[in-house]
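Naming: A, B, ... by sequence-line order, numbering from 1 per chain.
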There are 2 protein chains.
Amino acid sequence: MDDKTSGRNGWKQDPAGVRKNILAVAMAEFAANGLSGARIDEIAAKTNTSKRMIYYYFGDKEGLYGRVLEEAYREVRAGEQELELDHLPPVDALRHLAEFTFDHHNRNPDFIRIVMIENIHHGAYLEKSDLIRSLNAGAIQKLEAICRRGREAGLFRDDVEPLELHWHISALSFFNVSNRATFSHIFGDRLFSADRQQLLKKHLVKMVVGLALI
Amino acid sequence: MDDKTSGRNGWKQDPAGVRKNILAVAMAEFAANGLSGARIDEIAAKTNTSKRMIYYYFGDKEGLYGRVLEEAYREVRAGEQELELDHLPPVDALRHLAEFTFDHHNRNPDFIRIVMIENIHHGAYLEKSDLIRSLNAGAIQKLEAICRRGREAGLFRDDVEPLELHWHISALSFFNVSNRATFSHIFGDRLFSADRQQLLKKHLVKMVVGLALI
DNA sequence: ACGGCTTTGTACGAACCGGTTAATTTCATT
DNA sequence: AATGAAATTAACCGGTTCGTACAAAGCCGT
């Protein structure tokens with residue numbers, strides 16, 4: 001990508017690099033300004049390439065947004081894959097998963113913002129992507145395994161449902177990032193110091209485990 | 001407002017009505033399309049009055065958005081005021097408050113969307129409004145009273161904090177509306193039938209009460 | 001009936017912005 | 001080294017959209 005800056009003439013072809021560069025810049029811009037708020041010219045300006053290349057590779061603004069959406073999910077789910085829970089007892093595994101989700105969301109505010117934006121659009125662009133659906137289908141398998149083991153060990157209630165646990169864990173972890181702006185403007189930022197965040201995480205675990213246990 | 005439709009001549013002055021009409025239409029448009037996505041011309045067209053009046057009363061687009069934001073909070077907090085909890089024992093009061101919040105958010109998706117949009121904008125417009133801050137400061141007093149009574153009765157932990165309880169209740173109730181689109185596209189809409197929503201609400205109460213009790 | 005506030009209507013401009021046209025350069029293949 | 005597809009550059013276009021200008025007139029408290 002730096003090849004581009006090396007003089008008026010003498011550029012190198014680098015399709016993959018150009019695409020990647022555009023996607024990265026676009027993700028930041030869409031996350032910052034939303035779909036209609038983001039400006040193609042602004043994205044182009046922050047790129048190592050030109051506006052024309054955006055249209056060359058992504059067709060139009062919505063096409064670009066769609067790819068950004070996919071990339072955002074891909075990156076985040078890739079991070080989640082690294083989690084190894086099978087060797088842990090069910091309760092520990094559940095705690096680990098909840099703690100990881102909480103921290104992971106905290107570390108990826110741009111992903112949270114993209115998902116917020118996509119929800120504003122009623123999931124219209126996510127609907128078009130089979131890739132994302134398949135990516136996420138796997139995301140809940142960890143929870144299914146934990147619940148199965150928990151039930152078999154007689155620890156969890158018979159009617160715990162992985163999907164619902166995922167719902168609660170996501171809610172508390174997601175909201176913790178997504179609504180920080182309005183909440184802190186109204187109630188102060190007391191809840192967002194490092195130690196208070198640790199406490200919130202601890203309570204998240206307590207609530208979720210409490211819901212799963214008999 | 002219907003006065004306006006009753007013929008070319010013979011209109012009545014109704015500043016309050018005109019303002020109200022504009023605000024209602026604008027709220028729907030901003031909730032549907034976001035700040036940059038909403039179109040002033042579109043808002044004007046759906047109004048009983050004209051674009052000229054929007055600028056007459058609200059200055060510019062951002063001014064209009066700011067008033068819509070205030071109005072959204074005002075309406076929702078007004079609904080919450082009606083809740084009477086002082087006569088209930090602490091645990092019942094907490095359950096009632098949580099159930100009410102869950103249902104209330106479910107009933108007011110446009111408010112949820114406005115808050116989502118405002119969070120996308122980092123709360124920049126909410127920051128300008130002292131009104132909203134004072135509106136919401138009162139929203140947590142109910143919870144403070146409940147916690148105080150719960151502690152005095154020896155039912156609640158000494159370190160339960162009203163603000164954190166509010167955080168958890170809000171998270172689960174808010175996310176339940178805000179992220180429905182993406183979640184249901186990925187995992188199906190199993191969780192959103194009437195009876196499953198009742199169950200989620202029940203579990204919300206279980207988790208929050210469980211966190212407050214000793 | 002005076003005068004300020006409110007309302008109507010229309011037309012317009014100027015910036016903005018998504019998207020295109022067209023020409024040029026790289027590079028793998030032969 | 002010829003060739004053609006892929007990649008890249010640069011300038012440009014036309015519709016959209018916020019906001020305003022201008023002109024006129026009706027309502028209503030005092």
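Rounded to a whole Å, the CD1 atom of B/I22 is 12 Å from the C1' atom of C/dT6. Protein atom CZ of B/R19 is 14 Å distant from nucleotide atom C1' of C/dC5, rounded to whole Å. Between the OH atom of B/Y56 and the C1' atom of D/dC22 there is a distance of 16 Å, given to the nearest Å. Residue A/Y57 contributes atom OH, which lies 10 Å from atom P of D/dT9 at whole-angstrom precision. Per the geometry, CE belonging to A/M53 stands 13 Å off P belonging to D/dA6, to the nearest Å.
Under the ring pair (Phe, Tyr, Trp, His ring centres under 6.0 Å) criterion, B/F30 pairs with B/Y65, sequence neighbours left out. With sequence neighbours left out, the ring pair (Phe, Tyr, Trp, His ring centres under 6.0 Å) criterion links B/H122 to no other residue. Scored by the salt bridge (charged side-chain N to carboxylate O under 4.0 Å, His left out) test, A/D60 finds no partners at all (sequence neighbours excluded). With sequence neighbours excluded, the residues forming a ring pair (Phe, Tyr, Trp, His ring centres under 6.0 Å) with B/F187 are A/H166, B/F183, listed by chain and number.
Contact annotation: B/T49 reaches the phosphate of C/dT8 (side-chain N/O to OP1 or OP2, under 4.0 Å). Not one side-chain nitrogen or oxygen of A/S50 sits closer than 4.0 Å to the OP1 or OP2 atom of D/dA10.
Among the heavy atoms of the strands, none lies under 4.0 Å from A/F58.
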- request: Summarise how protein sits on nucleotides 13-22 of chain C as a single string, 5' to 3': B when a protein heavy atom is under 4.0 Å from the base, S for sugar-phosphate-only contact, - for no contact.
  value: ----SBBBBB
Could you go through residues 94-101 of chain A and list every donor-acceptor pair under 3.5 Å that involves a side-chain atom there, pairing it with any protein atom two or more places apart or in another chain?
residue: A/R95; atom: NH2; partner: A/D92; partner atom: OD1; Å: 2.4
residue: A/T101; atom: OG1; partner: A/L97; partner atom: O; Å: 2.8

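Distance check: B/S36 OG to A/R39 CZ gives 6.5 Å after rounding to the nearest 0.5 Å.
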